[in-house]
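None of the values given here were measured: they were computed from a predicted structure.
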Amino acid sequence: MEIKKASFYTSMKNASGYPNDGKPEIAFAGKSNVGKSSLINFLTNNGKLAYVSKQPGKTRLVNYFLINDSFYLVDLPGYGFARVSKSERDSWAEMMECYFAAAKYLRALVILIDIRHKPTEDDLQMIEWAAHFGIPFIVAATKADKVAKSKRYHYAVQMAKHIEAALDMDLEFEIVPVSSTGKVGKEKILSYIDVMTGLPEDVE
């Protein structure tokens, strides 16, 4: 897949803001400081598409980016940011449930987890949500530039083992080391998006 065109489309806070136009969606989920906006910008070759904040927890809406006029990349609000209030965390959970319930054209999730750390309880909950709603997902192991190239596969295997042991569920997923800084993993994530959107080649 080659992304030739990408632009902000709309934001959603509740079901009334859902586009509902039949275009496939690929959603990105992860902790507030894991690099969602940076990865979206990296994939779309547009460093200014998704806002990259120096202060985690700034994305409070579900943001839609229209890609090649044919599908959406959806930036979900970051989770696990300790400084937000309980009411904001509750609001986040409500927004996520609203999105998953409304998003009938959602084809897959890209779940971002820092390659250097074990998945958090919030990460595991997101994976459980994906399983509960029957949504295929891939794990983008971010900040791969922070570990030696020779060790990335080992880190990915250890992460997969931890997820499987923690959830004790029969899951099928791939873990791809990525880094917008190190230019790592772009082709594999785009290939996954290509397959999961199921679009004909002539609309890409």
Side-chain angles (χ1 to χ4, degrees), residues 1-3 24-45 50 52 56 59 62 65 67 71-81 96 99-100 103 106-198:
M1 167 179 284
E2 181 181 357
I3 293 181
E25 301 170 25
I26 305 294
F28 287 67
K31 288 180 63 178
S32 296
N33 59 349
V34 78
K36 283 190 294 92
S37 297
S38 295
L39 179 58
I40 290 172
N41 291 345
F42 177 40
L43 295 175
T44 58
N45 305 307
V52 180
T59 302
V62 177
F65 301 99
I67 309 299
F71 69 96
Y72 297 111
L73 296 184
V74 183
D75 186 8
L76 301 177
Y79 53 76
F81 186 51
M96 289 302 91
Y99 171 72
F100 286 124
L106 177 62
R107 297 291 181 259
L109 275 170
V110 179
I111 300 176
L112 286 71
I113 302 176
D114 190 323
I115 195 171
R116 302 167 298 175
H117 306 300
K118 289 182 178 180
T120 66
E121 289 300 316
D122 291 318
D123 293 324
L124 295 173
Q125 182 185 51
M126 182 57 67
I127 292 172
E128 284 187 301
W129 261 349
H132 173 74
F133 285 99
I135 305 166
F137 69 93
I138 190 170
V139 173
T142 64
K143 308 191 181 183
D145 59 296
K146 303 295 185 182
V147 301
K149 185 176 180 180
S150 61
K151 295 182 179 180
R152 290 172 189 166
Y153 176 76
H154 170 74
Y155 275 79
V157 169
Q158 292 302 111
M159 184 184 292
K161 288 181 177 179
H162 183 84
I163 291 170
E164 291 167 353
L167 296 180
D168 192 24
M169 300 171 69
D170 185 17
L171 298 170
E172 289 188 15
F173 63 95
E174 182 180 4
I175 296 180
V176 178
V178 300
S179 168
S180 56
T181 302
K183 310 301 181 187
V184 175
K186 181 176 183 177
E187 292 76 15
K188 285 191 174 182
I189 298 296
L190 286 178
S191 178
Y192 180 77
I193 291 172
D194 191 13
V195 171
M196 299 313 295
T197 53

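- Put simply, the side chain of Y99 does not reach to within 4.5 Å of the side chain of P77, judged on heavy atoms.
- Under the 3.5 Å distance criterion, the side-chain polar atoms of R152 are matched with a main-chain donor or acceptor of A144.
- Of all the heavy atoms in D114 and M159, the pair that sits closest is O-CE, 3.6 Å.
- Nearest heavy-atom pair, K36 versus L76, reported as atom, atom and distance to 0.1 Å: NZ-O, 2.7 Å.
- Note that CZ of F28 is 5.0 Å distant from CG of L43, once rounded to the nearest 0.5 Å.
- When all heavy atoms are compared, the tightest approach of A50 to N41 is N-OD1, 2.7 Å.
- Minimum heavy-atom separation, T44 to I40: OG1-O, 2.8 Å.
- Two residues are said to be in side-chain contact when any heavy atoms from C-beta on lie closer than 4.5 Å; K161 and V157 meet this criterion.
- Heavy atoms only, all atoms of each residue included: Y79 and L112 are closest at OH-O, 4.4 Å.
- Distance check, rounded to the nearest 0.5 Å: CD of E128 to CD of E121 gives 8.5 Å.
- A distance of 7.5 Å separates CD in E174 from CD1 in I189, rounded to the nearest 0.5 Å.
- Residues N45 and K186 bring a donor and an acceptor atom of their side chains to less than 3.5 Å of each other.
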Output, in order, the C-alpha distance, side-chain angles, deciding distance and verdict of side-chain contact (heavy atoms from CB on, under 4.5 Å) for I135 and F100.
CA-CA 9 Å; I135 305 166; F100 286 124; 3.6 Å; yes

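- Put simply, CD1 on I193 and CD1 on I26 are 6.0 Å apart, with the number rounded to the nearest 0.5 Å.
- Donor-acceptor pairing under 3.5 Å is recorded for the side chains of D123 and T120.
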Could you walk me through whether I138 and K188 satisfy the side-chain contact (heavy atoms from CB on, under 4.5 Å) test, starting with their C-alpha distance in whole Å, then the side-chain angles of each, then the deciding distance to 0.1 Å, before giving a yes or no?
CA-CA 10 Å; I138 190 170; K188 285 191 174 182; over 6 Å; no

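- Distance check, rounded to the nearest 0.5 Å: CD of E25 to OG1 of T197 gives 12.0 Å.
- The minimum heavy-atom distance between I113 and I163, with the atom names listed, is CD1-CD1, 4.4 Å.
- With a 6.0 Å radius and a threshold of 12 heavy atoms from other residues, nucleotides or ligands, Y153 has its OH atom at or below the threshold.
- From M169, atom CE reaches atom CD1 of I127 across 9.5 Å, with rounding to the nearest 0.5 Å.
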Going through the distances and angles, do K146 and Y155 end up as a side-chain contact (heavy atoms from CB on, under 4.5 Å)?
CA-CA 12 Å; K146 303 295 185 182; Y155 275 79; over 6 Å; no

side-chain contact (heavy atoms from CB on, under 4.5 Å) for L106 and V74? Distances and angles first, verdict last.
CA-CA 9 Å; L106 177 62; V74 183; 5.9 Å; no

